[in-house]
Enquirer: 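Encoded as structure tokens, here's the structure I'll be asking about.
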Amino acid sequence: MTSSFFRSALILGLLTAIGPFAIDMYLPAMPSIGQDLGAENNAVQMSLLAFFIPFAVAQLFYGPISDMWGRKAPLYMGIGLFAVASIGCALASDVETLIAFRFLQGIGGAAGMVIPRAIVRDMHTGVQAARLMSLLMLVFSISPILAPLTGSAVIVLFGWRGVFWAVMIAAFLGLILLSTQLTETRTKDARAESGFGSAMAAYRLLFKDGNFLTLTFIGGLGLSSFLVYLANSPFVLINHYGLTPTQYSFAFSINAVSFFAVSQLTGWLGARYGLVRVMRNAVTGFSLAMVAMVVVMSLGFNQLPVMATFLFIGYGFLGLVLPTTGVLALEDHGEIAGTASALMGTLQFVTAAVAMGIAGAFFDGTALPMAAGIALCAVGALIVTQTTIARRRVVEAEAAAE
């Protein structure tokens with residue numbers, strides 16, 4: 001792998017991390033935002049959901065636009081909107097205003113999530129794409145490590161509003177990288193063949209592709225498990241277990257270390273055993289770890305170190321699930337990579353938003369409902385995986401018999 005390979009991974013990872021950075025830095029501030037704005041916990045959590053919904057839906061538009069206009073122009077638009085909305089969040093005087101600007105932040109941040117995946121597919125396929133995707137996730141995973149710690153420091157020095165000034169600066173740095181370090185990967189000839197009509201045809205094609213949808217939902221349920229933890233962990237770890245915002249940041253970061261460390265094995269394991277086999281075994285390990293966590297906690301062993309240990313193991317397996325499902329889902333759709341990446345991202349984040357809403361409805365301030373929500377997402381991913389494998393084996397057997 002050349003230096004340009006690593007440079008591409010670094011730039012794409014940083015662009016992808018801008019949106020999640022606004023989430024992860026924000027987490028330690030959630031209890032203090034509620035106190036400062038006089039808002040209930042549910043209202044503060046709604047500001048998180050207000051980010052995720054447009055973050056999911058807007059990807060449907062960025063994908064086809066990036067196929068038609070090229071990859072860089074929509075990135076400029078999205079990251080620019082994200083920066084402006086961050087200023088509005090920093091100046092918000094009530095939770096309703098905060099929610100409104102978080103909604104706009106989500107629209108802008110969606111560009112950084114969907115387009116870098118399409119750029120990966122523009123550049124590589126197969127194991128090479130898996131290597132680049134895992135490196136991108138290495139950079140992307142730095143966000144859950146550094147962002148909460150940075151957020152805690154910013155909150156101590158400048159209050160929760162400083163978090164949004166910080167992500168605004170990060171967005172401007174992303175725009176500088178985009179303009180100076182990233183070349184256009186969508187050729188003019190490829191753009192000439194793309195239009196809104198072809199985008200609609202591409203979406204119809206993707207909705208008929210069972211393999212694409214299966215891989216998308218496996219990854220989406222895995223992502224949902226992490227976002228259920230993300231939405232509820234500030235209240236569980238800070239209010240229930242009594243951690244300070246800084247201690248919470250360290251506890252949250254441990255899971256990210258597990259995720260990104262194991263994700264770096266994706267390319268090596270994929271080359272040795274095949275991406276499908278790696279994905280299948282990783283989903284199984286992920287599900288078993290999360291179910292074991294709920295069983296042990298239900299038996300009364302619900303101390304924080306117990307939960308943290310199972311999460312560390314489970315999210316390590318998730319570090320293999322997400323890059324493999326992403327690469328496999330886009331493998332056969334190079335000509336419409338932007339549109340395919342957009343639909344994948346939208347379906348995954350809508351799935352996550354539903355999971356977060358359901359988990360939030362049962363949340364009582366303790367750890368067990370959150371753990372149960374995480375485990376149900378993991379089991380859902382396992383069921384989809386095993387059902388698909390069984391059906392595929394039947395089809396292959398019938399084809400061989402003919």
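Since this is a predicted model, take the numbers as computed values, not measurements. Just the heavy atoms: all of them, side chains too, but no hydrogens, waters or symmetry mates, feed the values below.
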Enquirer: Walk me through it: do L322 and L318 pass the test side chain to side chain contact (heavy atoms under 4.5 Å, CB included)?
Expert: CA-CA 6 Å; L322 294 186; L318 186 61; 4.1 Å; yes
Enquirer: To the nearest 0.5 Å, how far apart are CG in L237 and CD in Q247?
Expert: 10.0 Å
Enquirer: Verify the distance criterion only: is there a donor paired with an acceptor across the side chains of Q105 and S86 at less than 3.5 Å?
Expert: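 There is such a pair between these side chains.
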Enquirer: Going by heavy atoms in the side chains, are T325 and V283 under 4.5 Å from each other?
Expert: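 SC-SC contact between T325 and V283 ruled out.
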Enquirer: Just wondering, do P234 and Y248 contact through their side chains at under 4.5 Å, heavy atoms?
Expert: yes
Enquirer: Would Y315 and F259 satisfy ring-ring contact (aromatic ring centres under 6.0 Å, His included), going step by step from the backbone distance to the final call?
Expert: CA-CA 5 Å; Y315 286 139; F259 177 91; 7.9 Å; no
Enquirer: Give me the atom names and distance for the closest heavy-atom approach of L347 to T351.
Expert: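 Looks like O-OG1, 2.7 Å.
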Enquirer: Could you pull out every donor-acceptor pair under 3.5 Å between side chains of residues 353-382 and any protein atom, sequence neighbours left out?
Expert:
from : atom 1 : to   : atom 2 : distance (Å)
D364 : OD1    : T366 : N      : 3.0
D364 : OD1    : T366 : OG1    : 2.6
D364 : OD2    : T366 : OG1    : 3.4

Enquirer: Supply the atom-to-atom distance I313 CD1 to M290 CE, rounded to the nearest 0.5 angstrom.
Expert: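 Between atom CD1 of I313 and atom CE of M290 there are 9.5 Å.
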Enquirer: Within this structure, what is the CG-CG distance for the pair L75 and L177, rounded to the nearest 0.5 Å?
Expert: 11.5 Å
Enquirer: Minimum heavy-atom separation for P54 and A50, please, with both atom names.
Expert: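 Answer, listing the atom of P54 first, then A50: CD-O, 2.9 Å.
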Enquirer: Looking only at heavy atoms, what is the nearest atom pair of W160 and A92, with distance?
Expert: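 Minimum heavy-atom separation between W160 and A92: CH2-O, 4.1 Å.
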Enquirer: Can you give me the closest heavy-atom contact between I79 and A171, atom names plus distance?
Expert: CG2-O, 3.4 Å
Enquirer: Side-chain contact test, heavy atoms from C-beta onward, threshold under 4.5 Å: evaluate it for W165 versus L91 and give yes or no.
Expert: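 W165 vs L91: side chains touch.
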Enquirer: Are the side chains of V114 and S66 in touch, meaning some heavy atoms are under 4.5 Å apart?
Expert: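 They are not in side-chain contact.
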Enquirer: Does S225 reach the main-chain N or O of G222 with its side chain, forming a donor-acceptor pair under 3.5 Å?
Expert: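 Side chain of S225 to backbone of G222: a pair is present.
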Enquirer: Would you name the heavy atoms of P74 and I65 that are closest together and state the gap between them?
Expert: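 Heavy atoms only, the tightest pair is CG-CG2, 3.6 Å.
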Enquirer: Ignoring hydrogens and angles, write down the donor-acceptor pairs under 3.5 Å from the side chains of residues 294-309, residues two or more places apart or on other chains.
Expert:
from : atom 1 : to   : atom 2 : distance (Å)
S298 : OG     : V294 : O      : 2.7
T309 : OG1    : P305 : O      : 2.8

Enquirer: Is it true that, when you exclude F61 itself, more than 12 heavy atoms of the residues, nucleotides or ligands shown sit nearer than 6.0 Å to its CZ?
Expert: no
Enquirer: Would you say Q35's side chain and S32's backbone share a donor-acceptor pair under 3.5 angstrom?
Expert: no
Enquirer: Do Q59 and L343 pass the side chain to side chain contact (heavy atoms under 4.5 Å, CB included) test, and can you show the C-alpha distance, the side-chain angles, and the key distance before you say yes or no?
Expert: CA-CA 7 Å; Q59 293 185 47; L343 183 59; over 6 Å; no
Enquirer: Would you call the rings of F226 and Y229 parallel, tilted or perpendicular if under 30° counts as parallel and over 60° as perpendicular?
Expert: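 Tilted, since the angle between the ring planes falls between 30° and 60°.
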Enquirer: If you round to the nearest 0.5 Å, how far is OG1 of T324 from CZ of R280?
Expert: 11.5 Å
Enquirer: Please name the pair of heavy atoms, one in T385 and one in I218, separated by the smallest distance, quoted to 0.1 Å.
Expert: OG1-CD1, 3.2 Å
Enquirer: Within a reach of under 6.0 Å around CE of M77, are more than 12 heavy atoms found that belong to other residues, nucleotides or ligands?
Expert: yes
Enquirer: Got a donor-acceptor contact below 3.5 angstrom from the T180 side chain to the I176 backbone?
Expert: yes
Enquirer: Taking the side chain as every heavy atom from C-beta outward, state whether F51 and S47 have any atom pair closer than 4.5 Å.
Expert: no
Enquirer: Can you confirm whether more than 12 heavy atoms, excluding those of Y76, are under 6.0 Å from its OH atom?
Expert: yes
Enquirer: Rounded to the nearest 0.5 Å, how far apart are SG of C89 and CE of M168?
Expert: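 Reported to 0.5 Å precision, the distance equals 11.5 Å.
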Enquirer: So F235 and H240, side chain to side chain contact (heavy atoms under 4.5 Å, CB included) or not? Walk me through it.
Expert: CA-CA 7 Å; F235 303 102; H240 178 63; over 6 Å; no
Enquirer: Report yes if some heavy atom in the side chain of L288 is under 4.5 Å from a heavy atom in the side chain of F317; otherwise report no.
Expert: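 Sidechains of F317 and L288: no contact.
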Enquirer: Could you walk me through whether L213 and K208 pass the side chain to side chain contact (heavy atoms under 4.5 Å, CB included) test, one step at a time?
Expert: CA-CA 8 Å; L213 292 176; K208 294 177 182 178; over 6 Å; no
Enquirer: Please answer whether the main-chain N or O of A90 pairs with a side-chain N or O of R161 as donor and acceptor at a distance below 3.5 Å.
Expert: yes
Enquirer: Looking only at the side chains, is there a donor atom on one of T214 and N211 sitting less than 3.5 Å from an acceptor on the other?
Expert: no
Enquirer: Measuring only between side-chain heavy atoms, which start at C-beta, is L320 closer than 4.5 Å to S263?
Expert: no
Enquirer: Would you indicate whether the side-chain heavy atoms of I33 and D36 approach each other to under 4.5 Å?
Expert: no
Enquirer: Enter the distance from F212:CZ to F217:CZ here, rounded to the nearest 0.5 Å.
Expert: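 Taking CZ in F212 and CZ in F217, the distance rounds to 9.0 Å.
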Enquirer: Does any N or O in the side chain of T387 come within less than 3.5 Å of the main-chain N or O of V384, such that one atom is a donor and the other an acceptor?
Expert: no
